[in-house]
K.L.:
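There's a structure below that I have some questions on.
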There are 2 protein chains.
Amino acid sequence: MKYDQSDLKSLGLKATAPRLRILALFQKAALTEKRHLTADEVFSQLREEGEDVGLATVYRVLTQFEVAGLLRRHHFDTESASYELGEPEHHDHLVCLQCGKIEEFVDVDIERRQQEIASRFGFTLDHHTLCLYGICKECREKNAAK
Amino acid sequence: MKYDQSDLKSLGLKATAPRLRILALFQKAALTEKRHLTADEVFSQLREEGEDVGLATVYRVLTQFEVAGLLRRHHFDTESASYELGEPEHHDHLVCLQCGKIEEFVDVDIERRQQEIASRFGFTLDHHTLCLYGICKECREKNAAK
DNA sequence: TTCTTTGCAAAGCTTTTGCATCTCG
DNA sequence: CGAGATGCAAAAGCTTTGCAAAGAA
């Protein structure tokens, strides 16, 4: 899936340089290991590219994109929020506590159980956050080598 | 389970007034619907009790208690962290988006699946956070009545 | 006494907001 | 041209830290 100017326009957002740059950043990131970016990471990367954007604009654009459904926001255990390109399919996360690597997964069993639990408590489920924290294989091997 | 002065001492923490007050607050809260308190809520409640503590002390004590395993910290979707009396048994949460009510649950199936998923990705699982968000029955009825 | 703890004030971070200026359409 | 977007600076939370005074053991 590739987003461009027309997608912004159809969302009622003008196709400005900051917005296009930020969208491009996330599309590039989606192809790498590091799909998740914080506001400050976006800001820094834009600055490195020589782009003259303000941090406030980054925050505003990220929020707009999230509302528009283009990006998804996460909090994980950290202080600052991170965003990833919002694909239609929901997924949960597995984070390495040592290197920060993030894997994504979906498990239909867990999804189903969640629905059952919500019903049992009389809740209508809106959404959920599930994040597993551990140490990845590479980090374990690195640790063992020392 | 009831904590007191001796528990603080065995943790290497002196039994001071602020610490005992805060511990008592959480023990009282554990008996109610509202087991989860933010630093500011703790601070306000202490102030209401006429206790002259500083907010910084509240933060320091909460952190010490968390490290000691007396309290457990959560972030949920909000900006500020909340704490609850840390029972030995792990549990996950179900939060009402409208009234803020928090239910707790444990599901062995989900726990097991999480282990399996972590293994599949080569991770050694350390911990996880699972939080379901929805609307509780009471709120739905309240909404329907309007 | 001695080491810990506290309260206050100040500082740190992340995020938001006010406002004059600029720009897309 | 005109509504919307931007950058900067200031402000607004939440949380941490420095430090002198107070307190526990």
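Sequence lines set the chain letters: A, B, ... in the order given, protein chains first and strands last, and positions in each chain run from 1. Since this is a predicted model, take the numbers as computed values, not measurements.
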K.L.:
Looking only at the side chain of B/Lys14 (C-beta and beyond, no hydrogens), which of the listed nucleotides C/dT16, C/dC24, C/dT4 gets closest?
P.N.:
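Nearest to the side chain of B/Lys14 among the choices is C/dT4.
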K.L.:
So what does A/Arg47 touch, heavy atoms closer than 4.0 Å: a base, only the sugar-phosphate, or nothing?
P.N.:
sugar-phosphate
K.L.:
Less than 4.0 angstrom between a side-chain N/O of B/Thr16 and OP1 or OP2 of C/dT6, yes or no?
P.N.:
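Yes, B/Thr16 has a side-chain N/O under 4.0 Å of OP1/OP2 on C/dT6.
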K.L.:
Taking the inter-plane angle between the rings of A/His91 and A/His93 on a 0 to 90° scale, is it parallel (under 30°), tilted (30 to 60°) or perpendicular (over 60°)?
P.N.:
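Geometry flag for A/His93 against A/His91: perpendicular rings.
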K.L.:
What is the distance, to the nearest angstrom, from the CG atom on A/Leu37 to the P atom on C/dT14?
P.N.:
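Those two atoms, CG and P, are 15 Å apart.
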K.L.:
Taking the nucleotide of DNA chain D with the closest heavy atom to each, which residue, B/Lys9 or B/Glu79, is nearer the 5' end?
P.N.:
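The answer here is B/Glu79.
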K.L.:
With nearest nucleotide decided by heavy atoms, which residue, B/Tyr83 or A/Gln64, maps closer to the 5′ end of DNA chain D?
P.N.:
A/Gln64
K.L.:
Rounded to the Å, how far apart are B/Ile22 CD1 and C/dG7 C1'?
P.N.:
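Atom-to-atom, B/Ile22 to C/dG7, this comes out as 13 Å.
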K.L.:
Picking from D/dA5, C/dT17, C/dT14, which would you name as closest to the side chain of A/Leu13?
P.N.:
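Nearest nucleotide to the side chain: D/dA5.
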K.L.:
Is the phosphate of D/dT16, meaning OP1 or OP2, less than 4.0 Å from a side-chain N or O of B/Tyr59?
P.N.:
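B/Tyr59 to D/dT16 OP1/OP2: no side-chain N or O under 4.0 Å.
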K.L.:
Against B/His36, only a single residue in B/Glu104, B/Arg73, B/Glu41, B/Arg72 fulfils side chain to side chain contact (heavy atoms under 4.5 Å, CB included); can you say which?
P.N.:
B/Glu104
K.L.:
With a non-hydrogen cut-off below 4.0 angstrom, is A/Ala81 in contact with a base, only sugar-phosphate, or nothing?
P.N.:
sugar-phosphate
K.L.:
Check whether more than 12 heavy atoms from other residues, nucleotides or ligands sit under 6.0 Å from atom CD of A/Glu79, and answer yes or no.
P.N.:
no
K.L.:
Give one of base, sugar-phosphate or nothing for A/Asp52, where a contact means two heavy atoms less than 4.0 Å apart.
P.N.:
sugar-phosphate
K.L.:
Specify the separation, in whole Å, of atom CG of A/Leu8 and atom P of C/dC24.
P.N.:
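Interatomic distance, CG of A/Leu8 to P of C/dC24: 13 Å.
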K.L.:
Report the distance from atom CG of A/Leu11 to atom P of D/dG4, rounded to the nearest whole Å.
P.N.:
15 Å
K.L.:
Just to be sure I understand the rule, does B/Arg19 reach a base, reach only the sugar-phosphate, or reach nothing, if contact means heavy atoms closer than 4.0 Å?
P.N.:
sugar-phosphate
K.L.:
What closest approach, in Å, do A/Tyr133 and B/His128 show between heavy atoms, and which atom pair accounts for it?
P.N.:
CD1-CA, 4.2 Å
K.L.:
Looking at every strand, decide which applies to B/Thr57 at a 4.0 Å heavy-atom threshold: base, sugar-phosphate, or nothing.
P.N.:
base
K.L.:
Got a list of side-chain donor-acceptor pairs under 3.5 Å for residues 53-64 of chain B, not counting sequence neighbours?
P.N.:
unit_1, atom_1, unit_2, atom_2, d
B/Thr63, OG1, B/Tyr59, O, 2.9
B/Gln64, OE1, B/Arg19, NH1, 2.8

K.L.:
Nearest to the side chain of B/Ala56 - D/dT17, C/dC3, D/dA3?
P.N.:
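Nearest listed nucleotide: D/dT17.
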K.L.:
Quickly work out the B/Leu20 CG to C/dT4 C1' distance and round it to whole Å.
P.N.:
15 Å
K.L.:
Ignoring hydrogens and angles, does a donor from either the side chain of B/Arg60 or the base of C/dG7 sit under 3.5 Å from an acceptor on the other?
P.N.:
yes
